[in-house]
Amino acid sequence: MQLNLPRSFHLGRTLDAFLPLFAVLLALFIGGFMILLMDANPLDAYRALWEGAFGTKNAVADTLVKATPLLLVGIGICISFRGGVVNIGGEGQMIAGGLAAVAIGLQYKESDPTTVIIACLVGSFVAGALWGGIAGVLKAYFNVNEILSTIMLNQIATFGMMYLVRSEFIDPRQKNAAAPIPETERLPRSLDLPRIGGTLDDLYDFLGLSAADANQWATTLLHNGIVIAFVLAIVVYVLLWRTTVGYRIRAVGKNPRASRYAGIKVEQYTVLSLMLSGGFAGLAGGIQLLGVRHRMNAEGGAIAFTGNAGFNGIVAALFGGLHPLGTIPASILFGALLVGGNKLQRSVQVPSALITALIGLVIVFVVASDIFVRHRSRRRVAVAVSEASAEAAEVRASP
Amino acid sequence: MAMSTADHKLLPTGHERIDHMEMRGIVKRFPGVLAVDHVDFDVRAGEVHALLGENGAGKSTLMKILYGLYHPNEGEIFLDGERVTIKSPSDAIAWGIGMIHQHFMLVPSLTVAENVALGLKSTRAPLLDLDVVSARIKELAKTYGLQVDPAMPVWQLAVGERQRVEILKALYRGAALLILDEPTAVLTPQEVDDLFVTLRQMVSDGHALIFISHKLHEVLAISQRVTVLRDGHFVGTVPTAEATKASLARMMVGREVLLTYEVRAQQAGEPRLRVEGVRAASDRGTEALRGINLEVRAGEILGLAGVSGNGQRELAEVIFGLRPATTGQVVLDGQEVTGKSPCDLNKLGMSYIPEERMTDGVIRDFTVAENLMLQEHGLRPYSYSIFMNPRAITRRCAELIRSFNIRTPTQETPIKSLSGGNIQKLVLARELAREPAVLIAAQPTRGVDIGATEYIHQRLLDQRAKGTATLLISEDLDEILALADRIAVIYEGEIVGVVDRAEAQVEALGLMMAGVHREAVAG
Amino acid sequence: SAAQTQEKLRVAVVTPSTKSDLAFSQSIIDALLAIQEERGEENFEFVFSENMFVVEDAATALRDYASAGYDLVIAHGSQYGSSLSDIAPDFPDTAFAWGTTVDTFQDQGITNVYAYEARSEEGAFVMGVMAALLTESKVIGIVGPIETGDAKLYVDGFKAGVLWQDEEIEVLVNYIQSFSDLALAAAAAEAMLAEGADVLSGTAQMVPGAVNKVKEAGGLWFATQSNQSTLAPDNVVASQVYDWTYALNPIIEDVLAGEIMGEAYSLTLENGGLRIEFNEDFELDEDVKAAGEEVMQAIIDGDISFEVDEDGTLLVIEAEAG
Amino acid sequence: MIDDLITASVLASGIRLATPYLYAAIGETFGQRSGVLNLGVEGVMLMGAFTSLWAVYEITPAGATSYYGPALLAGVLVALLVGLVMGLATAVINVTLQAQQGISGIGIYLFGLGMSDLLFQKVFRGEVITVNGFPKVNIPVLSDLPVLGEIFFRQNLLVYLAFALVPVTWFVLNKTTLGLNIRAVGQNPEAADAMGISVTRVRYFTVTLGGMLASLAGASLSISLVNVFQQNMTAGQGFIAVALVYFGAWRARGVMFGALLFSLVNALQLQVRTKGIDVPDEYASMAPYLLTIIALIFASRRIDQPAALTKPFERGE
Ligand SMILES: Nc1ncnc2c1ncn2[C@@H]1O[C@H](COP(=O)(O)OP(=O)(O)OP(=O)(O)O)[C@@H](O)[C@H]1O
Ligand SMILES: Nc1ncnc2c1ncn2[C@@H]1O[C@H](COP(=O)(O)OP(=O)(O)OP(=O)(O)O)[C@@H](O)[C@H]1O
Ligand SMILES: [Mg+2]
Ligand SMILES: [Mg+2]
């Protein structure tokens, strides 16, 4: 009996982990018909998708680079949603972070690079936090719904960025060009976030894995932003479930009335949730800037810089069960879809619209499959708990 | 159904009656709990069958099965001998079964008439016929003595009135069998009397009633038969005529229960809480408090008696910093604390057991342990700087769960799957265990079974012995008379008098609760 | 011939919007189709990645195409420049082209990046002159996306043409800050029409919204980047069409010859990369057309040329008569 | 100066711009009133925009120089049908499968964004085509009123219909049994369920209706406001519409005020620039977003968000 239960337990868990994957496969199966409709071969298409996301070291690196802002925005979303606020302002907060990073970087380009990089990242966090904090203050003290204010603040940030990049922040080289490109100067290369490929190769060496593919990672674009994001995911996990601040954020999120009765300063924690959430989105912007883009450009609006990570990070967080650690695989999955999707377009020359629709399908199927996971886990808890209570009853009965 | 036999008399509402409802061998399992274990239960037209049991015994679950909200794992239900399956509340309503839930099933933003009309076929479908509904409500209200204004939004109603709306809803739907799950828990004694008048009227008209309550005197007063459950098991069914409070208590708890307390005389100390000339507005913007003066001393329980809705809630909220006072001040241990936040007051040793424990006292999605730590999580040893200390918390929670006998599978169980009474106990455990300097306890034993009531009373007295100044807000005069050193009576936002318990007389208190000043009563 | 013995030339292009945007992205795809037509599918293959608004995705695509051995990789968007300057040095044997700009990164020691741009102010100026002759209300409106790059050049050129012809005319300019919001473009056009404008123009992919309002109001429209006559056969007077083949063909010749030079090419009226295509369904007054053609000739001959000063203002420079 | 800016034509233009927001936001209001948040409005709008234009294009006789009534009717019907299908799908996902409403909405959005473009490329090979959309209908007598006539009574049918929906919505929500059920289900689904109302059925209805109205919102762009289709032509309007539901505090009238405020400021900022007033373009573009927030700060409102919003309903087993 005692041996039996844990086994079925594990089996159940494993199946749960695979359910979303089944959902993805089902979505791709249906998407296959769409690909057929566009006169392409679904098998080729999906091979390309896989290749593009994981097929080569470069692909894996691209996927991880793509996942980085998703993860950072996502862990922020975990905080805000747990705190009972819906932060749809990731796009604007990322832009605020990116602007702060580029401003600090350009201002101090002569100083010690490490210090400046840290200052840029801190600055981007602060800028995102302040931008998110606006929505927080509006909600806590003026009763302005945050869904509304964050959607509006995204647009305001975008227009603000477009203005700054076209005027105050414009690259002096562009200023007098006949057709000026609205972009800032590129940050000096010394301020690029260090690539971590070399370190990874060393690690491969150390583990004796490098025989076949020595120095494969060194040439990839993988920068240490992903490491920062992983570490921060753990930090946020600790924050939410191991600290008093996290406890209060969650309490306010679940029941502000009872929290107020219990002596928690609800308004302050509402603002804090949005600030932290905005801060992580801002940091995503900062890391995107130092690690990938190195300059701001107003052409193409917000998405050119954020790659929609401000929204997609929400999806990643919700996929990850609003759990910072769950958000890690979720953002990698999502990053893989985006990177692989682009490869799919290149390889079989289908319109990009098909990939957009396909990702939409995947999202819908995965969330819709969630109900089966929930029901199964509830049943499992039922079994486990009744075992536990039966045991407890025995213990009580025995003396 | 169409072949109306002679003995199938109609009820005054025009619906057919249910002569006999029988549940046989009902079993219901929840994650981790066998909530109902092979229980038989029946009720006949023209009787009140009471259902008794400790918190978590399975009463509500059994009744929710009858009303189609839960599906039994095993067992059968018979109506007038015919086996029926009740898949949903609409099935139950179609069979003539109505239910008044332990937690009200009303939509607060809608009016009384809209709440009643909900789910009914309109005479002018697809348009609403609220005027027709209102007229019929008034008619029913007259027949059964249930006064309520159909046009009022429910959120503006006092609890007693909401109770009436629930009954009206059931009557309107022609409930031949009405389940009342702890209908009296939130009512004043006067309101209970009114309700009983209504219930007796219904019984004599041929309704079948199932009545759940933790108050044994009510059960003895209204029912013809009593069935007792314990831990989901059927303990027995006895005719009320053969039962006593003590025998019922023994059936429920499995041991003797003290039904009276010995309150040791004790010298009250320094005044710890003073309320001076406090005025405050209600949620509706009217003046709820009109110059309240009170003083509670160390080692004293001050009972605040009064009919609900006379400013008790507002007073508690002003003292606890949840509602601004327009004038006046609150003084704690000689220090003015008017307008301080609950956070600061917590630190100064004030503790508050809110009346609406489901919404104000607990976080439904949090676990038992998390709910128990709502105030103390920031203190040592439960946390160091910002990090929580799970081990200390687990130990603390285990202790609280044990000493207050909270029935929960684990500490990690979400509190929403606990029975109503156990949630109440949890809040009390949390607030009392902090050994507060000043305790405001609003309706501390509402909805709690007799074993737990006994325990809570004992804890309040222990706390008193340790020097806590307690403001006990209760509509239950018996409770106040049993525990309080002095009794203040509140009426329409004013204290109409304060009497020592020794001098208190039930009749005089009753008059004061109706607004007659102490001087007038005395004189 | 030589081309046939050669291996097939493989070209890849990355565009920000979709290839059917009737504007910027479509113009380069059309050019590649034309080249393919001319050279034959067996000699010329091209692939594209569209909708690459996200710059890092575009960068991945560029890098991927280069490593996949494409002979010429085109980054069709000024926002791709900084990525290109990172990527190009890693693939010295691959030719890259960056539009629309004049910067070939020679100053950074990069030699394998070509640049191409359109001197859209030239055609704009010509159409502006015609617009000035056509307006009866003496009010002309121009709808733009954001005030930078090609759009700014076009708008400034059009405005300069109008004022050059007739200083009295009021020119309304509105950058709506969006490339995709058709409704806003429509509303901007409405605002101009309500102000009395009877001839309008505009650039970027959201202009169909504006064209429609002009059509409803019976006004006149000058188009750019592609021929928009079909959108409103009665209202479109002429379209300035970009023919990137004039920039691409020399680059392709270099690549075929194995001499990657990294030069900059411009589409001009003179080299035929810019063409004014008149709408055949629209009966244009011969005098106006003649005036337009005259100005066009002046530009081709260099009698009229354009420069941008330090404030970003477009200057019209007329050569001394003679 | 102010007279110059706020002209009748600016106001009329503002009213037209408000139309798609109004359809989409009213549809969303129904869904949210019953407790379902649908963030996928934008995707449905795009599908409606494309399919209705397609229908109008196919049915209009070749070479027609003015509108063709049956084609327009078909356009509207096709939009409603497409909205119905997408709305039903949304309901299956959100109500039956109890998906997290925030994400499922983003999924539906992306699907609609991609699918509408894909169909566009498949059907029209990506060529931008124009159709003869809804013509202006001058309401007799009223349209001749000075100023007011131009502002209100020289619009097209889809504009009139959008504004007509406002009192209809108010009436349905407040005066019919259906409306009562919707309000109850959104505030306290347990109570509604206990009264024998099928929470699922009510939510299916509202979410499907929301889909149909969102699709119509798209049609109001493609066959009435601009008469062309282009990929992503909604440019974020669906998300603004969701925000406007919050602005309007879940009431049709409030939503209408929100849509009008937003669109009028938008028309006004365009006018400011048309007038050549020297404000950076980006600041002008910000104005509608900024003012919408500011308006909410100063509007003292009673807020009763449907208590069950985004919470799937499931009766205990
Ligand atoms: N929906 C549910 N999910 C899980 N467990 C439940 C649920 N409802 C009730 N229970 C459990 O079933 C048992 C019986 O609960 P029930 O509500 O029937 O008790 P009760 O007799 O009505 O108690 P009280 O007097 O406190 O209202 C309790 O242990 C409770 O925790
Ligand atoms: N769209 C509308 N068209 C016409 N009259 C309206 C409209 N909206 C509201 N009204 C009128 O204004 C009154 C008050 O409107 P309000 O929005 O406060 O009411 P409501 O929608 O019924 O709100 P609630 O649901 O809280 O009762 C209504 O009773 C009605 O007479
Ligand atoms: Mg109960
Ligand atoms: Mg009303």
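These numbers were taken from a predicted model, which means no experiment stands behind them. Order of the sequence lines fixes the chain letters, A, B, ..., with proteins taken first and strands second; residue numbering starts at 1 for each chain.
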One pair to check against side chain to side chain contact (heavy atoms under 4.5 Å, CB included): D:Q237 and C:D181. What are the steps and the verdict?
CA-CA 9 Å; D:Q237 294 185 9; C:D181 198 329; 3.6 Å; yes
The test is side chain to side chain contact (heavy atoms under 4.5 Å, CB included); show your working for C:V173 and D:R273 and say whether it passes.
CA-CA 7 Å; C:V173 175; D:R273 283 187 281 183; over 6 Å; no
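Of all residues in residues 208-227 of chain C, those placing a non-hydrogen atom less than 4.5 angstrom from a non-hydrogen atom of chain D are C:P208, C:G209, C:N212, C:K213, C:K215, C:E216. Among the residues in residues 197-205 of chain C, those with a non-hydrogen atom closer than 4.5 angstrom to a non-hydrogen atom of chain D are C:Q205.
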Using a 3.5 Å cut-off and no angle test, enumerate the donor-acceptor pairs between side-chain atoms of residues 160-170 of chain C and protein atoms at least two apart in sequence or in another chain.
| residue | atom | partner | partner atom | Å |
| --- | --- | --- | --- | --- |
| C:W164 | NE1 | C:E318 | OE2 | 2.9 |
| C:D166 | OD1 | C:E168 | N | 2.9 |
| C:D166 | OD2 | C:K138 | NZ | 3.4 |

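Within 6.0 Å of the CG atom in C:D309, the count of heavy atoms belonging to other residues, nucleotides or ligands exceeds 12. For D:Y67, the OH atom sits in a loose shell: 12 or fewer heavy atoms of surrounding residues, nucleotides or ligands are nearer than 6.0 Å. Open room surrounds OH on D:Y57; 12 or fewer heavy atoms of other groups in view lie less than 6.0 Å from it. Heavy atoms of other residues, nucleotides or ligands lying less than 6.0 angstrom from NZ of C:K152 number more than 12. Around atom CZ of D:F163, more than 12 heavy atoms belonging to other residues, nucleotides or ligands sit under 6.0 Å away.
Listed by first and then second residue, the ring pair (Phe, Tyr, Trp, His ring centres under 6.0 Å) pairs involving residues 4-23 of chain D are D:Y21-D:F262 (not counting sequence neighbours).
When C:A194, C:S180, C:A186, C:A191 are compared by the number of non-hydrogen pairs under 4.5 Å with chain D, C:S180 comes out ahead. Of all the listed residues (C:L193, C:V143, C:L172, C:L231), the one sharing the greatest number of non-hydrogen pairs under 4.5 Å with chain D is C:L231. Among the candidates D:Q121, D:E127, D:R16, the residue making the largest number of heavy-atom pairs closer than 4.5 Å to chain C is D:R16.
With contacts defined as side-chain heavy-atom distances shorter than 4.5 Å, the pair C:I146/D:E282 does not qualify. Residues C:T230 and D:I129 fail the side-chain proximity criterion, which asks for heavy atoms closer than 4.5 Å. At least one side-chain heavy atom of C:E195 sits under 4.5 Å from a side-chain heavy atom of D:K275.
With a 4.5 Å cut-off on non-hydrogen atoms, D:S285 touches chain C through its side chain but not through its backbone. If you measure heavy-atom distances from D:F124 to chain C, you find no contacts under 4.5 Å at all. The contact between D:L225 and chain C is made by backbone and side chain atoms together, counting heavy-atom distances below 4.5 Å. In this structure, the portions of D:V128 lying under 4.5 Å from any heavy atom of chain C include both its backbone and its side chain. For a residue to count as touching a neighbouring chain, one of its non-hydrogen atoms must lie under 4.5 Å from one of that chain's; by this rule D:N227 touches chain C with backbone and side chain alike. For a residue to count as touching a neighbouring chain, one of its non-hydrogen atoms must lie under 4.5 Å from one of that chain's; by this rule C:N51 touches chain D with the side chain only.
Although no hydrogens or angles enter the test, the distance criterion places a donor-acceptor pair under 3.5 Å between the side chain of C:N174 and the main chain of D:L270.
The line from CG of D:N232 to CZ of C:F53 is 8.0 Å long, rounded to the nearest 0.5 Å. Here the CG atom belonging to C:L184 is positioned 7.0 Å from the CG atom belonging to D:L17, to the nearest 0.5 angstrom.
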